Amino acid sequence: MSTTERATQVVLGGTRGGPDVPTLRTDRWWLQPVVTVSILTAFVIYSTWSAFNPHNYYAGAALGRDLISPFYSPCLASSCAAGSRAGFFLQGWPLSPALLILIFPLGFRLTCYYYRRSYYRAFWWSPPACAVSDKHATYSGETRFPLIMQNAHRYFFYAGLVFNALLTYDAIRAFHQPGIGWGVTVGTLVLTLNATLLWLYSLSCHACRHLCGGQVKSFKAAPIRYRLWKLVTPLNARHMNFAWASLIFVALTDVYVRLVASGAITDLRLF
Amino acid sequence: MTDVTLRVWRGDASGGDFEEYVTEQNEGEVVLDLIHRIQATEAPDLACRWNCKAGKCGSCAAEINGKPRLLCMTRMDQLPEGPVTVTPMKTFPIIRDLVTDVSFNYRMAEKVPALLPPPMPEEGYRMFQEDVERGQEFRKCIECFMCQDVCHVIRDHEENKTNYAGPRFFIRYAELEMHPLDTNDRRDFIREEAGLGYCNITKCCTEVCPEHIKITDNAIIPLKERVVDAHYDPVAWLGRKIRRKTKTKAADAAVQPAP
């Protein structure tokens, strides 16, 4: 390491110019935090309600369907609805099966670079918007516990890939309706679109881009990783879009499955 | 031609306040044109740093209606109706009027560990186009320091200036870390001395960059991931041990003899 020893000390202090006010912005800088808070709060409330209501999360053979909510897949408790249970499951789990798995997708989104930007701004006001004073007397960023745990993002990314594979399997299985045979229903399309959006969200992740090829010193020395990096880089540029689309659609998928399972609507068979 | 009101902050380290100037605005003019007109007609002592008037020197960085912008690249007709507020960059100490002391950035520049290439082979060094293109984006930086100005880590917390390099230097670190001929491993330095962990990815630096450099996505986050490789990823650590492969060796592999 060849650090320079001639670097002079930074001198703190000095009088700053301009008025001492939180911001001089006159545009609607508050709009983006308000929208973020509204959507994320609505999602947290809905997903919490859904996780603690282990009913109607699976539309099974009785309805001639095989649709499972993404909040409950894989269903790992012995209390899971008939037909929805995964090959491996826990005996005697007293709580909702969703609580066994939701930590992984939740952790993936919580440590996601895009969501970090959004909730640091909207909920923590650190800062609420660019050139608007943050609302904290001191600031240590992500250098200390608990925020240093954001560095675990890539592990949640790995777990997210497993979940994506399972949800893709669920979507493929849904095309075979029990007692009817192979066919396409609105539910199969909903599950397929949900899995697709989740794949796009995961593959556009910054950790994915880094692991694909971003970490190499020389692209020339790692041509396959360079190709992978080039594939995921355009996706990465749309990470924000995939983050919101997949978040909203996963909740809509849960709503759809619940409506079908409860008999409120019929899952229309297209062909 | 219309008249427009500019509220310009006037003052120095002993204090200051806004002064209002009503001046004419012609089609296509930028804020710097009006500042020059005010200097020529009403306030010859109004201090304003500028040079190229083409968005390439970065000298005229200030805050317009509360947002860091280049005075020479901000067209008046793109601003909302009403008085236009012009203030100096908030993060740096004031010298006078719109001129600030940006020497904090020079101190941070001095700390950057330099490129350390391996011994030159007889055939000379050779870089390939893929690797040249990767760092090209970072070399567009004009050092206007607006990214430093808007970064809340030092804008709102003066005490962090001693151990936080800021977005402008994170792109410099990224450029060096992604250089195929570089053998310096700065990851510890970036974490401990440059304060990368203070950045919470709010992307304001990217929003204000006049060169549209994707500072957060292409420099800061890749650096954060490299720090994770070195410090927070036991799988990566195990992989390195098993393969006995160091970054230096990887860099050596990129050195190709010239044809």
Side-chain angles (χ1 to χ4, degrees), chain A residues 1-4 6-19 23-27 113-114 116-117 120-121 126-127 129-134 136 138-144 147-148 151-155 206-207 209-211 214-222 226 236-237 239, chain B residues 9 11 13 16 18 63 65-68 80 85 87-88 90 93-94 100-101 104 107 110-111 113-114 116 128 130-131 134 150 152-153 156-162 178 180 182 184-185 189 197-204 207-208 217 221-222 225-226 228-229 232-233 247 250-251 253-254:
Chain A
M1 173 63 69
S2 63
T3 57
T4 61
R6 60 186 165 77
T8 45
Q9 281 297 109
V10 172
V11 179
L12 294 181
T15 308
R16 294 182 176 197
T23 187
L24 287 169
R25 284 182 64 170
T26 52
D27 58 334
Y113 287 104
Y114 173 71
R116 275 146 78 176
R117 167 199 177 275
Y120 284 141
R121 281 193 187 196
S126 181
C130 302
V132 179
S133 292
D134 77 20
H136 304 277
T138 59
Y139 174 84
S140 59
E142 297 178 341
T143 59
R144 296 181 193 162
L147 294 182
I148 201 168
N151 289 307
H153 182 51
R154 69 176 55 169
Y155 290 100
H206 292 84
R209 186 183 182 215
H210 175 76
L211 293 164
Q215 65 188 168
V216 301
K217 268 278 193 188
S218 168
F219 282 147
K220 183 66 183 175
Y226 174 52
N236 179 254
H239 191 51
Chain B
W9 193 86
F18 282 109
E63 298 190 10
N65 287 345
K67 290 183 82 171
T85 303
T87 50
K90 186 178 179 182
I94 188 71
T100 51
D101 174 5
F104 160 76
R107 303 291 84 78
E110 289 170 1
K111 290 185 178 183
L116 188 64
F128 290 89
E130 302 93 313
D131 295 319
R134 196 179 190 189
V150 81
H152 75 111
V153 177
D156 297 321
H157 305 282
E158 175 80 12
E159 69 279 7
N160 288 336
K161 278 186 179 171
T162 51
M178 294 173 190
D182 181 51
N184 243 346
D185 187 347
F189 189 87
Y198 282 87
C199 171
N200 65 344
I201 344 265
T202 43
K203 285 198 173 184
C204 290
E207 281 188 26
V208 302
D217 287 327
I221 294 175
E225 286 295 317
R226 282 165 190 253
V228 172
D229 284 343
Y232 304 107
D233 187 345
K247 284 165 66 82

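Convention: sequence-line order gives letters A, B, ...; per-chain numbering from 1. Keep in mind the model is a prediction, meaning the values are calculated, not measured. Side chains included, hydrogens not; waters and symmetry mates left out as well; all remaining heavy atoms used.
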*Asks:* Heavy-atom distances under 4.5 Å only: say whether N160(B) touches chain A with side chain, backbone, both or neither.
*Replies:*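 When you check distances to chain A, only side chain atoms of N160(B) fall under 4.5 Å.
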*Asks:* Among D233(B), V208(B), N200(B), which has the most heavy-atom pairs under 4.5 Å with chain A?
*Replies:*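 The residue among D233(B), V208(B), N200(B) with the greatest pair count is N200(B).
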*Asks:* Can you tell me which portion of E207(B) sits under 4.5 Å from chain A's heavy atoms? Options are side chain, backbone, both or neither.
*Replies:*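 Only the side chain of E207(B) comes within 4.5 Å of chain A.
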*Asks:* Non-hydrogen atoms of chain B under 4.5 Å away: do they reach the side chain of R209(A), the backbone, both or neither?
*Replies:*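 The side chain, not the backbone.
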*Asks:* Looking at every heavy atom in both H157(B) and T138(A), which two are closest together, and how far apart are they?
*Replies:*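 Minimum heavy-atom contact is CE1-C, 3.7 Å.
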*Asks:* Using every non-hydrogen atom in the two residues, find where D134(A) and H152(B) come nearest and quote the distance to one decimal.
*Replies:*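 The answer is OD2-ND1, 3.0 Å.
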*Asks:* Measure distances from Y114(A) to the heavy atoms of chain B and classify the residue's part below 4.5 Å as side chain, backbone, both or neither.
*Replies:*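 Neither the backbone nor the side chain of Y114(A) comes within 4.5 Å of chain B.
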*Asks:* Find the one option among K203(B), E130(B), M178(B) whose heavy-atom pairs under 4.5 Å with chain A are most numerous.
*Replies:*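 Of K203(B), E130(B), M178(B), E130(B) has the most heavy-atom pairs under 4.5 Å with chain A.
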*Asks:* Below 4.5 Å, heavy atoms only, C-beta onward: do C130(A) and K67(B) meet side chain to side chain?
*Replies:*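 Side-chain contact under 4.5 Å: no.
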*Asks:* Of all the heavy-atom pairs spanning Y139(A) and V153(B), show the shortest one and how long it is.
*Replies:*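 Nearest heavy atoms, Y139(A) then V153(B): CE2-CG2, 3.6 Å.
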*Asks:* Relative to chain A, which segment of D101(B) carries a heavy atom at a distance below 4.5 Å: side chain, backbone, both, or neither?
*Replies:*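 Contact with chain A involves no heavy atom of D101(B) at all.
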*Asks:* Counting distance only, does the side-chain N/O of R226(B) pair as donor-acceptor with the main-chain N or O of G214(A) below 3.5 Å?
*Replies:*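 Checked: pair present.
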*Asks:* With a 4.5 angstrom heavy-atom cut-off, which part of T100(B) approaches chain A: side chain, backbone, both or neither?
*Replies:*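 Looking at T100(B), nothing touches chain A.
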*Asks:* Check the pair L24(A), F18(B) against side chain to side chain contact (heavy atoms under 4.5 Å, CB included), reporting the backbone distance first and the verdict last.
*Replies:* CA-CA 12 Å; L24(A) 287 169; F18(B) 282 109; 4.1 Å; yes
*Asks:* Report yes if some heavy atom in the side chain of Y113(A) is under 4.5 Å from a heavy atom in the side chain of D217(B); otherwise report no.
*Replies:*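 Answer no - side chains too far apart.
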*Asks:* Side chains of P127(A) and T202(B): closer than 4.5 Å at any heavy-atom pair?
*Replies:*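 They are in contact (side-chain heavy atoms under 4.5 Å apart), so the answer is yes.
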*Asks:* Would you mind reporting whether H210(A) and I221(B) have side-chain heavy atoms less than 4.5 Å apart?
*Replies:*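 When only atoms from C-beta onward are counted, H210(A) and I221(B) do not touch, as no gap falls below 4.5 Å.
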*Asks:* Give the C-alpha distance, both sets of side-chain angles, the deciding distance and a yes or no for salt bridge (charged side-chain N to carboxylate O under 4.0 Å, His left out) between R154(A) and E225(B).
*Replies:* CA-CA 9 Å; R154(A) 69 176 55 169; E225(B) 286 295 317; 2.8 Å; yes
*Asks:* What option among G18(A), A131(A), G14(A) has the most heavy-atom pairs under 4.5 Å with chain B?
*Replies:*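 Option with the greatest count: G18(A).
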*Asks:* Quick one: what part of L147(A) sits under 4.5 Å from any heavy atom of chain B, side chain, backbone, both or neither?
*Replies:*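 The answer is neither part of L147(A).
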*Asks:* Please look at E63(B) and chain A and tell me whether the side chain, the backbone, both or neither of the residue comes under 4.5 angstrom of a heavy atom of that chain.
*Replies:*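 No part of E63(B) comes within 4.5 Å of chain A.
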*Asks:* Among V216(A), T23(A), N236(A), V132(A), single out the residue with the greatest number of heavy-atom pairs under 4.5 Å to chain B.
*Replies:*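 Ranked by contacts with chain B, first place is V216(A).
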*Asks:* Let's test your reading of the structure: which of I94(B), T87(B), T85(B) forms the most heavy-atom pairs below 4.5 Å with chain A?
*Replies:*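 Of the options given, most contacts go to I94(B).
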